Amino acid sequence: MMPFAEGHSLGHYEIRSAEEGTFAGEVYRARHVESGRDVYLRVLTHTCLCLDEELAGITEQLRPAFALLHPHILPLLEIGCSGNTLFAISEYQEGETLRRKLHRARLPRERASDFAIQIARGLIGLHQAGLLHGDLKPEHILITKDGVIRLMDSGLAALSYEEIPAQPSGAVPLLIADYASPEQVRGESETWASDLFSWGVILHEMLSGTRPFLRPTLAATTRAILTEEIPDLRSPALDRIIRQATRKKPGDRFDSARDLAFAMESFGSLTTPASKGRKTVRERRTVPFLIALIMLALGLVLGAIIARQYLRPTVATQLSFRPLTFSGHDSSPAGAPDGSTIVFVSNRDGAERIWTARLDRQDEKHLTAGPDHAPRVSPDGRSILFIRTEGSHENLYSIPFAGGKAVKLLENVQGADWSPHSDNIAWLRVATETRGPSTTLGTVAANGTGADELTRVAGQVLQDPRWSPDGKYLAASMANNIFVIRTNASGQQRILAPPPT
């Protein structure tokens, strides 16, 4: 199959240029025809049957990847099909692959360690979402202009789909990359530990400038992965980390990507700049003085510890704050599952609207027209609930996290919250009656259908409904108490009162 030429259309996308040289596979820079947004378009196969049910199954396989928002993972936006060509759409960011950077030269130890930590953090996000990368290599690692690592093609390696039967003469053998783990080479089930093996090989290459398991033939490369130990770098701390990450048995590697990242971060905190010179004569003469100073300090500390046993201790808490937004007109923050984005309410431009902010680059933008308040981000990170004031009523709306059209879900609602699986919404409605206020607490499907009333609490105003993590209970604040109701058919209720003052 010849590469697509500039201007070729695939679905809603138009090819702008081929991203050649350092990407793995057939990758293009494309443009969404309607929005004009640039994206990466990766061709997965030119021989997919591309039936509607086939495409729906592929989309379902990648559902966790679509919901994943992480500062070190390039977002997967869409899976599309045109003719027999199956392709994946990812967010476009200016930068270069790690492969291109390694083509120029091996990396300094500090830079390689920093990249390795960022890659490990990306793997933490993947594994926590229940995903494996499965094909981690420098061609799938993007380095943005700001030096931020973004893992590409996350989850695509394990994708299964039905292809047009190939002719016997056109059979092509499956090639195994030299970043694959032993279990992948043997055709066994891969786990998160397979990604850790690839991570260790990549770190070794960044530091040494060579690919440790690459051999002239496929058979020799496979044999090296299965039987040979990774070469030492003459750096005991780094060698220990890389050797443990690339053990032949998955169970002998790090227990998780989080442990791997911790090991690298600990290594970074113990290293000193390479440019530090040798000790001078004056420095050697100051050693006795420094020892005496240290002993004096230890004596003072010991004295303070003993004194605290007999003196009333005073507790001083040192708090550290940093601003997340800067307009002075912001309120009601809610965090997104990716840990690096918040949504909030701001009336900085005269209208109370819902805004988002990326904490890693202080990128703020408004999502709604307003007047809106009380935002809540869905656990899957795909949608935001909020309350919109329309005349004398307050109505419940949702909007995609990435932006788009706001959709009305329910009328006359004063508070709402997502269920743990993002498939249901808790809502409450306050009414003023002749005998006083009353509050109705209920649930509704995420698309706004099937509203169901759980209970009505007379004489009370409830606020801020919240779902328990296991989805079994709903809670809401009620004056100085907490009202709790079980969400199953029993509807068991109780009130949690604060302890006496």
Side-chain angles (χ1 to χ4, degrees), residues 1-20 23-69 73-93 97 126 129-137 139-140 142 150-175 177 380-383 400-405 447:
M1 182 73 184
M2 294 292 293
F4 292 121
E6 181 180 352
H8 184 88
S9 294
L10 288 172
H12 299 292
Y13 299 91
E14 182 181 278
I15 301 297
R16 294 193 62 192
S17 61
E19 295 287 332
E20 299 176 338
F23 285 86
E26 196 176 344
V27 181
Y28 300 90
R29 180 175 179 176
R31 174 171 293 171
H32 189 269
V33 176
E34 296 177 0
S35 67
R37 177 181 58 178
D38 280 1
V39 297
Y40 284 117
L41 186 151
R42 177 177 295 280
V43 173
L44 302 177
T45 178
H46 290 289
T47 59
C48 184
L49 290 177
C50 284
L51 303 175
D52 289 343
E53 57 270 23
E54 180 76 7
L55 192 58
I58 294 170
T59 302
E60 179 60 25
Q61 290 180 60
L62 290 171
R63 185 170 60 86
F66 290 128
L68 187 58
L69 297 173
I73 298 173
L74 199 68
L76 182 65
L77 303 177
E78 182 184 345
I79 293 292
C81 208
S82 178
N84 293 323
T85 300
L86 182 69
F87 57 89
I89 299 296
S90 300
E91 179 182 292
Y92 181 84
Q93 286 199 355
T97 62
L126 271 180
L131 293 168
L132 304 177
H133 193 287
D135 194 18
L136 191 65
K137 59 182 69 172
E139 290 86 348
H140 288 161
L142 184 71
R150 307 296 295 272
L151 303 187
M152 307 175 68
D153 298 345
S154 301
L156 296 183
L159 201 60
S160 61
Y161 44 83
E162 189 173 354
E163 294 188 299
I164 299 172
Q167 299 297 324
S169 60
V172 178
L174 177 65
L175 299 182
D380 62 12
R382 304 186 71 172
S383 302
F401 192 92
K405 181 180 179 181
N447 60 3

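Bear in mind that the values here come from a model prediction, so they are computed numbers and not experimental data. One is the number of the first residue; the rest follow in order along the sequence.
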Quick one: closest heavy-atom pair of [X] and [Y], and the distance?
{"X": "E6", "Y": "R16", "value": "CG-O, 3.2 Å"}
{"X": "I89", "Y": "L76", "value": "O-CD1, 3.5 Å"}
{"X": "G80", "Y": "L86", "value": "O-CD1, 3.4 Å"}
{"X": "E91", "Y": "Y40", "value": "O-CD1, 3.2 Å"}
{"X": "L69", "Y": "G381", "value": "CD1-O, 3.4 Å"}
{"X": "S82", "Y": "S9", "value": "OG-O, 4.4 Å"}

So, E78 and H12: side-chain donor and acceptor under 3.5 Å apart, yes or no?
no
[X] side chain near [Y] side chain, heavy-atom distance below 4.5 Å:
{"X": "H133", "Y": "L131", "answer": "no"}
{"X": "E139", "Y": "V27", "answer": "no"}
{"X": "R42", "Y": "H140", "answer": "yes"}
{"X": "L44", "Y": "I58", "answer": "no"}
{"X": "V43", "Y": "T85", "answer": "yes"}

Below 30° counts as parallel, above 60° as perpendicular, anything between as tilted: where do the rings of Y13 and F87 land?
perpendicular
From [X] atom [atom1] to [Y] atom [atom2], the distance as rounded to the nearest 0.5 Å:
{"X": "L126", "Y": "S154", "atom1": "CG", "atom2": "OG", "result": "4.0 Å"}
{"X": "L142", "Y": "R150", "atom1": "CG", "atom2": "CZ", "result": "8.0 Å"}
{"X": "S90", "Y": "I73", "atom1": "OG", "atom2": "CD1", "result": "11.5 Å"}
{"X": "I79", "Y": "L62", "atom1": "CD1", "atom2": "CG", "result": "5.0 Å"}
{"X": "H32", "Y": "E14", "atom1": "NE2", "atom2": "CD", "result": "12.0 Å"}

N/O donor-acceptor pair under 3.5 Å between Y92 side chain and R31 backbone:
no
